[in-house]
Structures are given as C-alpha cells and as structure tokens.
Amino acid sequence: MADVRVRFAPSPTGYLHIGGVRTALFNWLWARKTGGKFVLRIEDTDQERSTPESKAIILESLRWLGLTWDEGPEAGGDHGPYVQTERLAIYKQFAERLIADGKAYRCTCSKEELDAAREALKARDPKANFRYPGTCRDKSHAADSRHVVRFKVPTEGAVTYVDKVFGEVRTPNGAQQDFVLLRTDGVPLYNFGAVVDDTTMGITLVARGRDHMVNTPPQILIYEALGAPVPEFAHLPMMLAPSGEKLSKRHGAVSVTEYREKGYTPEGVLNYLVRFGWSCGDREIFSMAELIEAFTWETCGRGDGKFDAKKFLAVNHEHMKQESLQTAQTYAERSKPFLLARGLVLPASDDMLVAALKTVRDRSRTFLEAAEGADFYFRAEPVIDEAAALKFLVPAVADKLTAFANALTGASAWDEKTLEAAVHAWLEAENLHIKEVAQAARVALTGRSASPGLFEVLAVLGRDVSLARLERGRERAAAGSVS
RNA sequence: GGCCCCAUCGUCUAGCGGUUAGGACGCUGGCCUCUCACGCCGGUAACGCGGGUUCGAGUCCCGCUGGGGUCACCA
C-alpha cells in the first residue's frame with residue numbers, strides 16, 4: 001500500500017466547529033497510526049465568507065488540540081500552495097484539459113436565467129427536481145466568452161465505491177446533473193477544487209462527514225475523467241444537536257474556542273469526540289497514544305448521534321482526574337491561565353501551586369472549575385460566602401475555633417498527617433467531634449462551606465496564613481451575625 | 001419530491017445466529033466522610049413494526065415506518 005496521505009480541508013469562514021475537529025481528529029489518528037502524512041488545506045474559494053482571521057483561529061485551534069499537520073500553511077511541504085485561492089492557475093489548467101478531452105464544456109447560461117428557470121419550475125410544482133437542462137452541453141463556446149465550465153456527466157452507468165465505513169455505495173449517473181467546475185471568474189467550486197487538490201496532493205484516503213457523501217459520486221466522476229487514481233473514502237456519521245437537527249450555535253457551544261475558554265483539556269475534547277462514531281469495546285477513556293494504537297475505520301459506527309454536553313463534561317472530568325493522563329505539574333501549569341484570569345497572584349514557587357491544585361483536582365471537571373476551587377489559596381484573604389459565614393461563624397463556635405487553632409499550634413510539624421493527629425488528640429481529650437468545628441474552620445480558611453479536606457487546606461496554606469484566617473474567623477464568630 | 005445513508009436503554013455505545021442483551025453518561029438508593037467531590041456497592045432503562053431464512057434471530061434478507069444528509073456560479 002502506498003504511503004498514507006490524508007487531509008483536513010476546512011473553510012475559513014468562522015470558528016473551528018467541533019464537528020470539524022472530529023473530522024480532523026480521525027484523519028490525524030489515521031496518519032499517526034500508519035506513519036502517513038496529515039495535510040492541512042484551506043478551502044477559501046468562497047471569497048464572500050472567507051476571512052484571514054478565521055484561518056488564523058482554525059490554525060490556532062488545531063495547534064491547541066495538538067492535531068499537528070505535516071504539510072500545509074505555516075508547515076510547508078512539496079505539494080503546495082495549501083490555500084486554494086493560491087492555486088487558481090492549477091484549476092484552470094485541469095479544466096482546460098477536461099474541455100479538450102470532451103469531458104467538460106463551456107456554458108454561457110447565466111446564473112440569473114438558470115435561477116429564474118428553477119424558480120419557475122418550483123412555482124409550477126414545488127416537488128419538482130430542477131436540473132441543468134444541458135443547453136450548452138453540445139455547443140463549443142469560445143474560450144473568451146463569458147462562461148462557466150460544466151462537467152459532462154455520462155448519461156449511462158453509475159458510480160460505485162466501497163466506503164471504509166459504510167461499505168458499498170452505488171449512485172446512478174442519471175441522478176446527477178452537469179455540475180459547474182469553474183465559476184465565471186475562474187474560481188473552482190468545491191467538488192472540482194477538492195478533487196484537483198486531492199489528486200495533486202497525492203491524498204490516498206478522504207475521510208469527512210457524512211454530509212459530504214453526496215459529493216463523492218461527482219468527485220469520482222472527475223477523477224475518472226482526469227484519468228487520475230481514485231482515493232479511498234471514509235464517511236463519518238453526523239453529530240446532531242440533542243433535538244436531532246444539525247448542530248449549530250443555537251444548541252450551545254459548538255466552537256473549540258469556547259471549550260478552550262471553559263477550561264476543557266484538549267485530550268478531553270478529543271476523547272469525547274472520538275467516541276462519537278467510533279468505539280473500542282467497553283473502553284471510554286483514552287490517552288492520545290492509546291487512541292492512535294486503537295483506531296481503525298472498521299470500528300467506526302454508521303448511525304448519527306446526538307451531542308451530549310453532560311457526557312462531554314464527564315469525559316473531560318476523567319482527563320482532569322487521572323494522573324496517568326496528566327501529571328500534577330502539567331495540571332498546575334494548565335491551570336495557571338485560569339488562575340491568572342481571575343486576577344490572582346501566583347506564588348513564586350511552583351511547589352505550592354502544584355500542591356494547591358492537587359487538592360481540587362478530583363472535584364474539578366474543567367480548569368475553570370479548578371481555578372474557582374483553588375481561588376482561596378491565592379488571595380490575602382478568602383472571598384467570604386456571606387450565607388456560609390452567617391450559618392457557621394456563630395458565637396457558640398468562637399471558643400472552639402480558638403481551641404482548634406491551639407491544637408494546631410501544638411502540633412510538632414505543619415503537615416497534613418501531623419495536624420490531623422494533633423487535632424484528633426485534642427478532640428478526644430475534649431470529647432468533641434470534628435463536626436462541631438469543621439464547618440466554621442472551613443469558612444474561616446476558605447470562605448466557603450465546601451472545599452478540599454481541612455487538613456489538606458491547612459497544609460497548603462501554611463502555618464501563618466492558616467492561623468491568621470482562623471483568628472479572623474474567630475473574631476467574626478464572636479461578633480455574631482452582625483458583621 | 002429525486003438521489004444517498006441510517007435504525008440496541010433518555011444519550012454515547014458493545015454485540016458480528018444460541019448472551020440473565022454488557023459498559024459509559026444521566027437519573028437514583030446506599031456505603032465512605034470534616035463539607036463538596038472522588039471512590040465503592042446497588043437500582044432504573046433498549047433491540048421501531050411486519051414478513052421471511054434458520055432447529056434458533058438484536059445479529060442475515062425483504063417491506064414498512066421513522067430519522068438524517070443533499071439537491072447553488074456555498075463548502
């Protein structure tokens with residue numbers, strides 16, 4: 001088998017959609033698994049909607065996800081340029097060849113008259129199927145006439161191909177019309193541009209969403225007319241909104257950018273998306289290396305699925321929790337931007353940062369949640385939840401807070417184990433239960449009624465800060481609810 | 001409407017002729033426990049319908065129904 005060359009060819013018309021990410025991921029996995037090349041191509045022939053900003057966002061998003069490309073914009077390669085509007089001469093050359101070979105022809109029918117005919121037919125019969133009538137099919141318009149180039153679809157026969165996911169698909173040529181290859185201004189339409197690029201870039205397998213399945217027969221017709229080898233095709237089932245419609249902004253976050261901002265991990269995003277239309281027995285959570293190892297087209301499903309934000313969060317949570325998926329150092333490092341975004345001042349030493357984040361790890365489903373959960377570690381004074389203070393920092397607990405602090409002061413060392421032992425000794429001596437002081441201490445130390453374990457917090461906060469916060473809590477408790 | 005595709009718990013899915021139809025998310029009962037989580041144990045819930053083929057169909061075939069994609073000088 002020739003070396004695998006796959007590609008991802010987004011249009012720079014907006015953010016990178018998570019459906020696009022999945023397509024990119026499957027291609028990337030295949031390239032990495034087979035040792036082939038992953039090519040990135042920008043399909044910007046829709047000059048109305050394409051923008052350089054969008055292209056930059058897409059590149060940046062792919063980089064964040066770690067879906068690195070071997071050839072393409074900013075990476076170079078021997079098959080460039082990798083931006084379609086820079087390849088116009090190539091399309092023209094291929095189109096001329098098809099015209100010379102009688103496989104395509106110049107058509108001078110204007111868009112206006114065709115649109116009018118289409119609408120007229122629709123007015124007569126709403127269910128009618130409008131197709132280009134073939135007006136120019138057997139004419140030979142001059143090259144300098146104002147024209148588009150149309151493909152001459154064979155009247156007989158059918159296109160058959162074996163999809164790597166769906167199996168054999170057969171479409172009669174009679175179902176197709178003479179579609180446009182090149183616009184009046186010489187810019188190619190999707191099917192033509194894609195085929196010319198895929199063939200000149202040596203793409204061996206085209207994997208894309210099922211919404212493109214309908215483009216495959218005309219594309220194969222073009223390959224054949226060109227006498228070019230037809231690549232393999234693999235279509236992926238669609239990712240739909242919970243309602244069953246096409247997934248769009250109306251259904252919540254659909255751009256990678258949003259998930260990045262919400263603090264999802266790239267691996268979590270990818271892991272959720274890969275399990276959409278692909279499975280490996282009962283396994284749910286994979287590292288990237290494991291995915292590359294396990295991925296195959298044969299184990300891809302065929303049924304469309306519905307996007308589930310809760311499951312997405314849960315999958316991301318797994319990637320947040322497991323140290324086998326990311327080290328404590330990586331975890332802390334990745335949390336930094338979210339901590340900084342809250343205006344927090346981070347400690348000079350990474351040790352405290354790592355230790356602090358470690359205590360919120362299990363309870364954080366995203367880095368945004370981790371930053372929220374660890375917030376109190378990085379402020380001079382914790383932000384007090386008034387409802388919690390009102391409920392727990394009451395006069396009756398003031399003395400216990402003092403005793404609690406004294407027990408801590410008496411500990412032989414300021415670490416989790418030692419502090420816990422010291423406090424338990426005190427509790428036992430006084431015949432108290434930790435419940436009688438825990439919530440008050442928690443509010444004093446963290447400002448909230450829910451936090452990591454008390455002794456973990458004390459250890460990370462350190463002796464001075466802990467005692468100062470407990471004292472302030474005691475003062476407030478003694479003063480009662482009037483604060 | 002034409003062409004194409006699909007069909008297992010609410011959702012993502014395992015299953016590739018013989019299973020008590022499994023896992024995950026969600027929901028839920030309990031355990032653990034200084035709070036919230038995590039973790040652990042348990043529960044809830046599915047083969048769209050009708051014909052075949054077969055000793056035997058979630059698994060194979062046909063029809064129906066349902067759903068989706070696409071019908072541009074968008075991609």
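Convention: sequence-line order gives letters A, B, ...; per-chain numbering from 1.
Atom CG of D304(A) is separated from atom P of U11(B) by 13 Å (rounded to the nearest Å). The interatomic distance linking L182(A) (CG) with C73(B) (P) rounds to 13 Å, in whole Å. Atom CZ in R302(A) sits about 10 Å away from atom C1' in C16(B), given to the nearest Å. Separating the NE2 atom of H319(A) from the P atom of C25(B) is a distance of 13 Å, rounded to the nearest angstrom. Rounding to whole angstrom units, NZ of residue K127(A) and P of G1(B) are separated by 6 Å. When rounded to the nearest whole Å, the span between NE2 of H212(A) and P of G68(B) equals 19 Å. Atom NE2 in H424(A) sits about 8 Å away from atom C1' in C34(B), given to the nearest Å.
Comment: E96(A) engages R106(A) in a salt bridge, judged by a side-chain N to carboxylate O separation of less than 4.0 angstrom.
Here the nucleotide nearest the side chain of S11(A), chosen from A75(B), C34(B), C4(B), is A75(B).
Base pairing of A7(B) is made with U65(B), judged by Watson-Crick or G-U wobble geometry with both donor-acceptor distances under 3.5 Å. With a cut-off of 3.5 Å on both pairing distances, the Watson-Crick or G-U wobble partner of U70(B) is G2(B). In this entry G42(B) has U28(B) as its Watson-Crick or G-U wobble partner, both defining distances falling under 3.5 Å. Nucleotide C60(B) forms a Watson-Crick or G-U wobble pair with G52(B), both donor-acceptor distances falling under 3.5 Å. Base pairing annotation: C36(B) forms no Watson-Crick or G-U wobble pair, as no partner gives both donor-acceptor distances under 3.5 Å.
Within 4.0 Å (heavy atoms only), F130(A) reaches no atom of the nucleic acid at all. Across all strands shown, V148(A) has heavy atoms under 4.0 Å from base atoms, whether or not it also approaches the sugar-phosphate. At the heavy-atom level, P217(A) lies nowhere under 4.0 Å from the strands shown. Residue contacts for C300(A): at a heavy-atom cut-off of 4.0 Å it reaches no nucleic acid atom on any strand shown. Here G453(A) lies in heavy-atom contact (under 4.0 Å) with a base. Residue-level contact check: L189(A) touches the backbone only, with heavy atoms under 4.0 Å from sugar-phosphate atoms and none from bases. Contacts of R150(A) with the nucleic acid, taken as non-hydrogen atoms under 4.0 Å apart, involve only primed sugar atoms and P, OP1 or OP2. Within 4.0 Å of T184(A), counting heavy atoms only, lies at least one base atom of the nucleic acid. In this structure, G373(A) reaches neither bases nor backbone, as no heavy-atom distance under 4.0 Å exists between it and the strands shown. Nucleic acid contact for E43(A): sugar-phosphate only, since backbone atoms but no base atoms lie under 4.0 Å from a heavy atom of the residue. Contact annotation for D125(A): no contact, since no heavy-atom pair falls under 4.0 Å across all strands.
At the phosphate of C3(B), neither OP1 nor OP2 sits under 4.0 Å from any side-chain N or O atom of T171(A). Proximity of R448(A) to the phosphate of C36(B): no side-chain N or O atom is located under 4.0 Å from OP1 or OP2. Under 4.0 angstrom from either OP1 or OP2 of C3(B) there lies no side-chain N or O belonging to R131(A). Side-chain nitrogen and oxygen atoms of T45(A) include at least one within less than 4.0 Å of the OP1 or OP2 phosphate oxygen of A75(B). Between C12(B) and K310(A), no contact under 4.0 Å exists linking OP1 or OP2 to a side-chain N or O. A close approach under 4.0 Å does occur between a side-chain nitrogen or oxygen of K246(A) and OP1 or OP2 of U70(B). Contact annotation: R22(A) side-chain N/O to C12(B) OP1/OP2 distance is not under 4.0 Å.
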Exercise. Step by step, would you call H141(A) with T108(A) a side chain to side chain donor-acceptor pair (under 3.5 Å)?
Worked result: CA-CA 8 Å; H141(A) 295 299; T108(A) 55; 3.3 Å; yes
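The base of A72(B) lies outside donor-acceptor range of the side chain of K111(A), with no N or O pair under 3.5 Å. In terms of polar N and O atoms assigned as donor or acceptor, the side chain of R442(A) comes within less than 3.5 Å of the base of C34(B) in a complementary pairing. For a distance-only test at 3.5 Å, the side chain of N191(A) fails to qualify as a donor-acceptor partner of the base of A75(B). Donor-acceptor pairing under 3.5 Å, judged by distance alone, is absent between the side chain of E245(A) and the base of G68(B). The base of G1(B) lies close enough to the side chain of N129(A) for a donor and an acceptor atom to sit less than 3.5 Å apart. The base of C36(B) sits with one of its N or O atoms less than 3.5 Å from a complementary donor or acceptor on the side chain of R363(A). Contact annotation: side chain of S451(A) to base of C36(B), donor-acceptor pair absent below 3.5 Å.
Toward the 5′ end of RNA chain B lies the nearest nucleotide of F276(A), the other residue of the pair F276(A) and D211(A) mapping further downstream. In this structure, R170(A) and F307(A) both approach RNA chain B, and ranking their closest nucleotides by distance from the 5' end singles out R170(A).
D385(A) places no side-chain N or O within donor-acceptor distance of the main-chain N or O of G447(A), the cut-off being under 3.5 Å. In this structure, the side chain of R131(A) engages the main chain of Q176(A) through a donor-acceptor pair within 3.5 Å. S11(A) places a side-chain N or O within 3.5 Å of a backbone atom of E43(A) that can act as its donor or acceptor partner. With D125(A) contributing its side chain and L121(A) its backbone, the two residues share no donor-acceptor pair below 3.5 Å.
Among V214(A), V169(A), T216(A), V206(A), the one residue that satisfies the side chain to side chain contact (heavy atoms under 4.5 Å, CB included) test with H235(A) is T216(A).
Judged by a 6.0 Å distance limit and a 45° cone about the ring axis, R442(A) is not positioned over the six-membered ring of F392(A).
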